[in-house]
Amino acid sequence: MSTASPGAGGPDPAMLLELDGRHVWHPYAALPPAVAPLLVDSAAGVRLRLADGRELIDGMSSWWAAVHGYRHPVLDAAVTDQLGRMAHVMFGGLTHEPAVRLASTLVEITPPGLEHVFLCDSGSVSVEVAIKMCLQYQLARGRPGKRRLATWRGGYHGDTFHPMSVCDPEGGMHHLWRGVLPAQVFVGAPPDGFGAPPDERYLAELVDGIARHADELAAVIVEPIVQGTGGMRFHHPAYLRALREVTAAHDVLLIFDEIATGFGRTGALFAAEHAGVTPDVLCLGKALTGGYLTLAAALCTPEVAAGISAGGVLAHGPTFMGNPLACAVANASIELLRAPASPPADLVRPAGPAGADGPAGPVRPYWQESVRRIEAALRAGLAPVAGLPGVRDVRVLGAIGVVQLDRPVDLPAATTAAVAAGVWLRPFRDLIYTMPPYLADDDDVARIVRAMAAAAVAVPR
Ligand code: PMP
């Protein structure tokens with residue numbers, strides 16, 4: 001451990017932590033928090049540098065967001081260039097190139113049929129906007145009875161009130177909010193397994209559960225393929241196709257919340273692609289700006305937009321809507337994701353008859369190549385962890401690795417074990433999981449895997 005504090009000359013770390021404990025709320029915490037946070041001084045690449053000089057590989061990508069890691073020169077330049085023009089300007093009555101470019105790019109890269117983009121501040125707000133779009137659409141179409149939402153159990157959609165109403169009732173602690181949250185329709189959670197054959201009985205229950213309530217439903221909202229904060233569970237794309245069919249048949253809209261899954265994380269650029277389905281409304285956030293600034297988006301089809309607009313305006317307009325700094329860095333982040341991966345030999349296929357032009361042919365984009373590489377490293381590394389005592393399940397999809405215990409994780413013990421192994425992890429419930437930045441190399445992933453194994457067997461001292 002280095003003795004020279006990188007923050008030397010700045011405020012005393014001990015004093016900062018003392019003030020933090022006294023004044024600062026942290027996520028899902030009491031005051032003071034049960035476990036004191038670690039003080040981060042800076043971050044670069046995949047590493048967080050703590051004020052005491054220790055360096056940790058970030059196995060969390062700052063909660064799914066920092067796909068390019070930290071202090072990426074291209075993203076840094078995008079922010080500083082934009083700063084030289086304007087940091088912010090209101091979006092009512094004004095527009096600007098970063099927002100126009102971002103909206104056009106999102107339309108281009110998301111599933112076909114989504115053509116209109118509402119930019120907003122955070123994932124939860126984009127879910128609020130998506131729900132509002134659906135409620136206004138149904139009202140404008142003369143179906144005032146369609147005011148409720150349906151979802152499956154085990155989901156998570158954010159911490160503001162309407163999103164909370166469609167979170168899993170137990171994980172979302174609905175008992176605290178009885179009489180406050182709107183009562184939504186819940187069907188059973190999708191059976192586990194991206195690769196497992198679809199469960200026909202569940203499919204029938206799913207379709208029936210939606211059809212039975214269709215008269216009162218404005219929309220169905222789900223996280224496609226991966227239920228994240230609700231339990232890090234993966235499901236088969238067939239359930240999404242069934243949802244698409246039953247909602248379309250009953251004038252119910254379909255919202256996909258891809259705030260966590262978007263931008264390559266599951267091995268497809270958007271998880272909806274695994275099912276070949278376009279929802280009526282799509283929510284994006286987190287990795288949208290490469291984790292640099294808070295920004296989210298709700299995209300919708302022309303039909304939804306026309307329905308709402310026939311009835312008036314979409315009644316939403318956050319102060320920081322379309323923030324230019326956030327849009328500029330989002331544009332740069334998406335460009336990096338879509339850039340061709342430098343072509344390793346096995347990827348270069350001759351295009352047509354081998355010619356004098358040398359090897360050519362499709363090279364996978366950077367995001368896809370990185371996610372495949374991380375997926376392979378996680379699969380190989382985590383397989384033996386399944387045999388550790390107390391481990392109930394190990395699963396991997398794209399650049400997501402999950403170790404599920406047969407008991408709740410002891411957060412302080414697990415965190416201490418991971419930090420001692422040089423990795424930042426943030427387990428919850430019975431889950432130790434990782435979704436590394438896409439630039440994590442094989443050594444980084446191996447270290448993350450070792451830290452997950454250490455966290456899995458860590459016991460309170
Ligand atoms: N939906 C999903 C699927 C999420 O994972 C999250 C964040 N964990 C949200 C919505 C809420 O996003 P935010 O924290 O930016 O409000």
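Just follow the structure's listing: the first ligand is 1, and inside any ligand the first atom is 1. The basis for the numbers below is simple: all heavy atoms, side chains too, and nothing from hydrogens, waters or symmetry mates.
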Assess whether a salt bridge exists between Asp208 and Arg212, defined as any Lys/Arg side-chain N lying under 4.0 Å from an Asp/Glu carboxylate O.
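Answer for the salt bridge query: yes.
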Note: Glu375-Arg379 ion pair, threshold 4.0 Å (strictly below)
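Salt bridge: yes.
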Which of the numbered atoms in ligand 1 are below 4.0 angstrom from a heavy atom of [X]?
X      : value
His157 : 1 (N), 10 (C)
Gly158 : 10 (C), 11 (C)
Lys286 : 4 (C), 5 (O), 6 (C), 7 (C), 8 (N)
Ser122 : 15 (O), 16 (O)
Asp257 : 1 (N), 2 (C), 3 (C), 10 (C)
Ala260 : 5 (O)

Quick one: look up the protein heavy atom nearest [atom] and list residue, atom name and how far away it is.
atom                    : result
atom 9 (C) of ligand 1  : Tyr156 CE2, 3.8 Å
atom 12 (O) of ligand 1 : Gly123 CA, 3.3 Å
atom 14 (O) of ligand 1 : Ser124 OG, 4.4 Å

Is there a side chain to side chain contact (heavy atoms under 4.5 Å, CB included) between Arg141 and Lys146 once you walk through the steps?
CA-CA 10 Å; Arg141 294 291 304 266; Lys146 284 177 165 286; over 6 Å; no
Under a 3.5 Å distance rule, please check whether Ser333 uses its side chain to pair with a backbone N or O of Ala330 as donor and acceptor.
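Judged by distance alone, no pair lies under 3.5 Å.
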Do side-chain atoms of Arg233 reach the backbone of Pro190 as a donor and acceptor pair under 3.5 angstrom?
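Here the side-chain-to-backbone pair exists.
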Atom pair CD1 (Ile109) and CD1 (Ile334), whose distance is rounded to the nearest 0.5 Å
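The CD1 atom of Ile109 sits 4.5 Å away from the CD1 atom of Ile334.
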Where is the tightest heavy-atom contact between Val220 and Ile210, given as atom of each residue plus distance?
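Nearest pair, atom of Val220 first, then Ile210: CG2-CD1, 3.8 Å.
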